[in-house]
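Reviewing the structure listed below.
Keep in mind it's a predicted model, so treat the numbers as computed, not measured. Reckoned from all heavy atoms, side chains included, excluding hydrogens, waters and symmetry mates.
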Amino acid sequence: MLIYDLTLEELESNFIKKGFKKYRALQVFEWLYKHNVESFDEMTNIPSDLLDYLKESFTLKGLTLIEKQESEDQTIKLLYKLNDGNLIETVLMNHHYGKSICVTTQVGCNMGCLFCASGQLKKIRDLSSGEITMQIIETKKILNTKINYVVVMGIGEPFDNFNNLKGFLFNINNPKGLAIGARHITVSTCGIIPKIDEFASIPFQVNLAISLHAPNDHIRSSLMPINKRYPINDLITSVKDYILKTKRRVTIEYILISDFNDKIEDAKQLAALLKGMNVYVNLIPYNEVKNVNLTRSKDEARKAFYDTLKKNNINVTLRRETGLDIAAACGQLRSNNL
């Protein structure tokens, strides 16, 4: 078992059941997350009988670097191999406010969004919480860098792997773990409504982003099959409930696709849909994907869409593009080495 799969509380429970002192769990936890040990033998204050148990019961290795690519804008994409041979991709982005890592939660994805490369490979399996966590730990080691922000927007639908997502969030937010502040963590979902409701009950303020990408059911259903199960008005109601319960602002992600969802009328519909909500819209230029007959909006269409939202009092930004030249931009990650 990968030891990073356990939260501190689970490690404490495990040790107590095996006859070890509870406080030893915190010692081990800090060796894992504060000292980044690569061997249990490096844990110098752990007694030999507990070390023997750790070696017999757990592994520290969950993934291996296969390839590293760096873009002209210093975005870095890492191809990792999991212990079972499956491949995933992780991206480190450089911003003026710090470094942000985009982590993957599944091998493949069952959501089938038309614009996304990840969905071209059906889900093979969920990643464990430790495998998600180790993308941060290994990337920090390999690149010898500090990571300030985490976005859960890589391969897969995070809310389709909800329990492992929660374990990951608790470990990276734990002050004895990676100690990444909740406000520095964002989870993106295509809109699995029951899990949005459950996410609202997580006891720290992780940010939520909704992949909307359309102002009505007709357009959204043609882009995102999930909309047929959770239609757009139901999704918006769920987001309103989430905002009311958490008092947190929600990000609405909207990929602009030429002659598909980028017209002035679409912007007006979107503004009407979001009117009065504590949200901001993040407009994303579409990044072209192999075998998909979609193209990005023209500059003038993007500007007109942005201006229309502004005129209708919607908070809106246009995402800065990163990693496009190495297929590390939004929607381009895949669970194989192309």
Side-chain angles (χ1 to χ4, degrees), residues 1-68 76 78-86 88 90 92 98-105 127-150 152 163-185 203-204 206:
M1 180 182 185
L2 182 61
I3 196 166
Y4 293 99
D5 285 342
L6 299 180
T7 64
L8 176 58
E9 292 74 17
E10 289 168 341
L11 195 61
E12 288 172 342
S13 176
N14 180 283
F15 280 12
I16 291 169
K17 288 178 181 178
K18 297 298 180 180
F20 300 107
K21 298 293 185 181
K22 178 181 177 180
Y23 77 90
R24 292 295 185 187
L26 180 57
Q27 290 179 320
V28 170
F29 202 76
E30 289 184 328
W31 279 112
L32 296 174
Y33 290 97
K34 300 299 184 186
H35 303 290
N36 299 321
V37 295
E38 297 186 1
S39 165
F40 290 117
D41 289 322
E42 295 177 43
M43 300 179 178
T44 53
N45 61 346
I46 303 301
S48 59
D49 57 341
L50 179 51
L51 285 178
D52 289 342
Y53 171 69
L54 290 172
K55 293 174 188 177
E56 291 168 1
S57 304
F58 300 102
T59 179
L60 288 167
K61 194 69 173 176
L63 43 82
T64 304
L65 180 67
I66 299 299
E67 183 180 15
K68 180 179 79 171
I76 297 173
L78 303 168
L79 180 71
Y80 286 117
K81 182 170 71 173
L82 304 173
N83 288 346
D84 62 2
N86 281 304
I88 60 169
T90 305
L92 185 75
K99 294 184 178 180
S100 174
I101 190 169
C102 178
V103 298
T104 284
T105 56
L127 266 61
S128 71
S129 60
E131 289 171 326
I132 307 171
T133 303
M134 287 208 73
Q135 293 171 63
I136 302 175
I137 293 170
E138 288 298 310
T139 299
K140 286 174 63 177
K141 286 181 187 176
I142 292 164
L143 302 180
N144 190 27
T145 189
K146 181 178 180 180
I147 293 172
N148 311 93
Y149 297 85
V150 176
V152 188
N163 287 336
N164 289 329
L165 171 71
K166 284 198 299 183
F168 160 75
L169 293 174
F170 275 87
N171 278 350
I172 68 169
N173 178 250
N174 192 322
K176 303 296 184 181
L178 291 182
I180 297 172
R183 299 293 183 93
H184 287 195
I185 306 168
F204 46 91
V206 176

Report the C-alpha separation of Leu50 and Lys18 in whole Å, then their side-chain angles, then the decisive distance to 0.1 Å, and conclude whether the side chain to side chain contact (heavy atoms under 4.5 Å, CB included) test is met. CA-CA 10 Å; Leu50 179 51; Lys18 297 298 180 180; over 6 Å; no

Please test Leu178 against Lys140 for side chain to side chain contact (heavy atoms under 4.5 Å, CB included), starting from the C-alpha separation and ending with a verdict. CA-CA 11 Å; Leu178 291 182; Lys140 286 174 63 177; 4.2 Å; yes

Does the side chain to side chain contact (heavy atoms under 4.5 Å, CB included) test come out yes or no for Phe15 and Leu54, once each step is laid out? CA-CA 10 Å; Phe15 280 12; Leu54 290 172; 3.9 Å; yes

Met134 and Leu2: side chain to side chain contact (heavy atoms under 4.5 Å, CB included), yes or no, with the steps? CA-CA 10 Å; Met134 287 208 73; Leu2 182 61; 3.8 Å; yes

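Rounded to the nearest 0.5 angstrom, Ile101 CD1 and Ile172 CD1 are separated by 9.5 Å. Interatomic distance, Ile3 CD1 to Thr59 OG1, rounded to the nearest 0.5 Å: 9.5 Å. To the nearest 0.5 Å, atoms CG (Leu8) and OG (Ser13) are separated by 11.0 Å. Interatomic distance, Leu51 CG to Thr44 OG1, rounded to the nearest 0.5 Å: 9.5 Å. Taking CD from Glu30 and CG from Asn174, the interatomic distance works out to 9.5 Å, rounded to the nearest 0.5 Å. Atom OG1 of residue Thr133 and atom CZ of residue Phe170 lie 12.5 Å apart, to the nearest 0.5 angstrom.
Taking the side chain as every heavy atom from C-beta outward, Phe40 and Trp31 never approach each other to under 4.5 Å. A 4.5 Å side-chain heavy-atom check between Tyr4 and Leu60 finds at least one atom pair inside the cut-off. Counting heavy atoms from C-beta outward, Ile136 and Phe168 have side chains that approach closer than 4.5 Å. Counting heavy atoms from C-beta on, the side chains of Phe58 and Val28 never come closer than 4.5 Å. With contacts defined as side-chain heavy-atom distances shorter than 4.5 Å, the pair Pro47/Tyr53 does not qualify. Side-chain contact between Tyr80 and Thr104 is absent, with no heavy atoms from C-beta onward closer than 4.5 Å. Looking only at side-chain heavy atoms (C-beta outward), Met1 and Leu6 come within less than 4.5 Å of each other. Using a 4.5 Å heavy-atom cutoff, the side chains of Leu78 and Glu138 are not in contact.
Counting non-hydrogen atoms of neighbouring residues, nucleotides and ligands closer than 6.0 angstrom, the NZ atom of Lys55 exceeds 12 such neighbours. Environment of NZ in Lys34: crowded, with over 12 heavy atoms of neighbouring residues, nucleotides or ligands closer than 6.0 Å. The number of heavy-atom neighbours closer than 6.0 Å to NZ of Lys68, taken from other residues, nucleotides and ligands shown, is 12 or below.
Side chains of Tyr33 and Asn171: a donor-acceptor N/O pair is present below 3.5 angstrom, by distance only.
For Glu12, there are no salt bridge (charged side-chain N to carboxylate O under 4.0 Å, His left out) partners two or more places apart in sequence or in a different chain.
Remark: side-chain polar atoms of Thr139 are paired, donor with acceptor, to backbone N or O of Gln135 under 3.5 angstrom. Judged by distance alone, the side chain of Asn36 and the main-chain N or O of Ile137 form no donor-acceptor pair under 3.5 Å. In terms of modelled atom types and a separation under 3.5 Å, the side chain of Asn173 and the main chain of Gly181 share no donor-acceptor contact.
The two residues Ser129 and Gly167 make their nearest non-hydrogen contact at CB-C, 4.0 Å. The two residues Leu65 and Glu67 have their closest heavy-atom pair at CD1-O, 3.4 Å. Between Asp5 and Glu10 the shortest heavy-atom distance is O-OE1, 3.7 Å.
Tested against Thr105 for a side chain to side chain contact (heavy atoms under 4.5 Å, CB included), the candidates Leu127, Ile132, Asn164 yield a single pass: Ile132.
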